[in-house]
2 protein chains.
Amino acid sequence: MAKASSSLQRMTRQRRILMEVMDRANWHPTAEEIYNVVRERAPRISLGTVYRNLDVLSREGMIMKIEETGGQRRYDGNPKPHFHVFCLKCGVVRDLHENDINWDGPPEATCPGFTITGFKLVFEGYCSACLD
Amino acid sequence: MAKASSSLQRMTRQRRILMEVMDRANWHPTAEEIYNVVRERAPRISLGTVYRNLDVLSREGMIMKIEETGGQRRYDGNPKPHFHVFCLKCGVVRDLHENDINWDGPPEATCPGFTITGFKLVFEGYCSACLD
DNA sequence: GTAAATGCAAAAACTTTGCAAATTC
DNA sequence: GAATTTGCAAAGTTTTTGCATTTAC
């Protein structure tokens, strides 16, 4: 089994600001949107640094990466288990909490102001070839 | 509510071959991989046509688009409800069927040859602003 | 002091699009 | 014959990367 070494070795100013921004974000921004917010406090930060840190934080389980959005990837500063719903037309993403879901069989959810038509469920882990 | 008009108006040679390829695909290819297979039978097809048809077919529910893969989007020729598992390291995607999942609460799955560490659940539909 | 992280800019990767020509019904 | 679809090529988007410099510990 691969050693789970932390990738968070140095708390740089840029990383700290990014973490604070994600912690306070109450929506599901794209990397570029995050970049624009972080830039208010770290004007010289680069988009590359934002991407690198978002990768680190999501690998460390401190944020969530949402790929199933029908468009650009989005990020969620809340790492606690919860789920999402997105609009097939405009792409907006909203949170869904465990309590809003009927777990009696394949999940069903109701979300005020949303007509849900389906869901996607993807598990993740390691195949035996990659598990050393 | 928007009219659910079919986007499959003409069965072109390219579209038919693509549909046959997807129907027989027993793995989860990327658009480019599909392009390479289809090209064996339709050498002049363009990657743009592949993308356009993959979009049409997934909007029509004839194939599945898998975005939550940690990398490139992948496509699944099987439109029947089923789920996926992917390797966080090498990115391989495998199928999971309903019966392999424990639906008693938040889903748990076992998949031979796979160590599962988590899952993502995303609902889709239409927000009230987009539902006309 | 040393290794990790950044900024910059370029490149890579992926996807969409405009338009004339070809094709389907 | 009319409207859809294609091929081509270009452009658009999104993400990653190499490398010299800076920064954290």
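Every chain is numbered from 1 and lettered A, B, ... according to where its sequence line falls, protein lines coming before strand lines.
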Subject >> Spacing of A:Ile45 atom CD1 relative to D:dT21 atom P, expressed in whole Å >> reply: 21 Å
Original post:
Quick one: B:Met19 CE to D:dT5 C1', roughly how many Å, whole number?
Top reply: 15 Å
Original post:
If you look at every strand shown and take non-hydrogen atoms under 4.0 Å, does A:Arg52 touch a base, only sugar-phosphate, or nothing?
Top reply: base
**OP:** To the nearest 0.5 angstrom, please state how far the NZ atom of B:Lys65 sits from the CG atom of B:Leu54.
**Re:** 8.0 Å
Original post:
Taking OP1 and OP2 of D:dA3, is either one under 4.0 Å from a side-chain nitrogen or oxygen of B:Arg10?
Top reply: no
Original post:
For the pair made of CD in A:Glu67 and C1' in D:dT14, what is the distance, rounded to whole Å?
Top reply: 13 Å
Subject >> Spacing between A:Arg13 atom CZ and D:dA24 atom P, to the nearest angstrom >> reply: 9 Å
Original post:
Which atom pair, heavy atoms only, marks the closest approach of B:Leu96 to B:His82?
Top reply: O-CB, 3.6 Å
Original post:
Whole-Å distance between D:dT14 C1' and A:Lys65 NZ?
Top reply: 12 Å
**OP:** Give me the ring orientation class for B:Phe83 and A:Phe119: parallel if the planes are under 30° apart, tilted from 30 to 60°, perpendicular past 60°.
**Re:** parallel
**OP:** Could you pick out which residue, B:Gly48 or A:Ala31, lies toward the 5' side of DNA chain D when each is mapped onto its nearest nucleotide?
**Re:** B:Gly48
**OP:** For A:Glu33, enumerate each residue passing the side-chain contact (heavy atoms from CB on, under 4.5 Å) test, keeping only those at least two apart in sequence or located in another chain.
**Re:** A:Trp27, A:Pro29, A:Thr30, A:Arg74
Subject >> Nearest heavy-atom neighbours spanning A:Ala31 and A:Val50 >> reply: O-CG1, 3.9 Å
**OP:** Report yes or no: is the cationic atom of A:Arg39 (NZ for Lys, CZ for Arg) under 6.0 Å from the centre of the six-membered ring of A:Tyr35, at an angle within 45° of the ring normal?
**Re:** yes
**OP:** Mind checking A:Glu32 for me? I need base, sugar-phosphate or nothing, with any heavy atom below 4.0 Å counting as a touch.
**Re:** nothing
Subject >> 5′-ward residue of the pair B:Gly71/A:Ser46 relative to DNA chain C >> reply: A:Ser46
**OP:** Could you check how far CE of A:Met11 sits from P of D:dC25, rounded to whole Å?
**Re:** 8 Å
**OP:** Mind running side chain to side chain contact (heavy atoms under 4.5 Å, CB included) on A:Leu57 and A:Glu60 for me, showing each step along the way?
**Re:** CA-CA 5 Å; A:Leu57 296 180; A:Glu60 293 297 315; 5.7 Å; no
**OP:** Go through DNA chain C in 5' to 3' direction and return only the first and the last nucleotide with some atom under 4.0 Å of chain A's heavy atoms.
**Re:** C:dA3 to C:dC8
Original post:
Is B:Thr12 near enough to D:dT6 that one of its side-chain N or O atoms lies under 4.0 angstrom from OP1 or OP2?
Top reply: yes
Subject >> Smallest separation among heavy atoms of B:Gly61 and B:Pro79, with atom names >> reply: O-CB, 3.3 Å
**OP:** Let me know the distance between CG of A:Asp55 and C1' of D:dT17, rounded to the nearest Å.
**Re:** 12 Å
Subject >> Inter-end axis angle, the helix from C:dG1-D:dC25 to C:dC25-D:dG1, with every axis fitted to five base pairs (rounded, 10 degrees) >> reply: 50°
Original post:
If you round to the nearest 0.5 Å, how far is CD1 of B:Ile66 from CZ of B:Arg73?
Top reply: 12.0 Å
Original post:
So, is A:Tyr51 near the phosphate of D:dT16, with a side-chain N or O under 4.0 Å from OP1 or OP2?
Top reply: no
Original post:
Heavy atoms under 4.0 Å, any strand shown: does B:Arg44 hit a base, just sugar-phosphate, or nothing?
Top reply: sugar-phosphate
Subject >> Intermediate values then yes/no, side chain to side chain contact (heavy atoms under 4.5 Å, CB included), A:Phe86 and A:Phe114 >> reply: CA-CA 9 Å; A:Phe86 82 95; A:Phe114 237 99; 5.7 Å; no
Subject >> Atom-pair distance (CD on B:Gln72; P on D:dT16), nearest Å >> reply: 12 Å
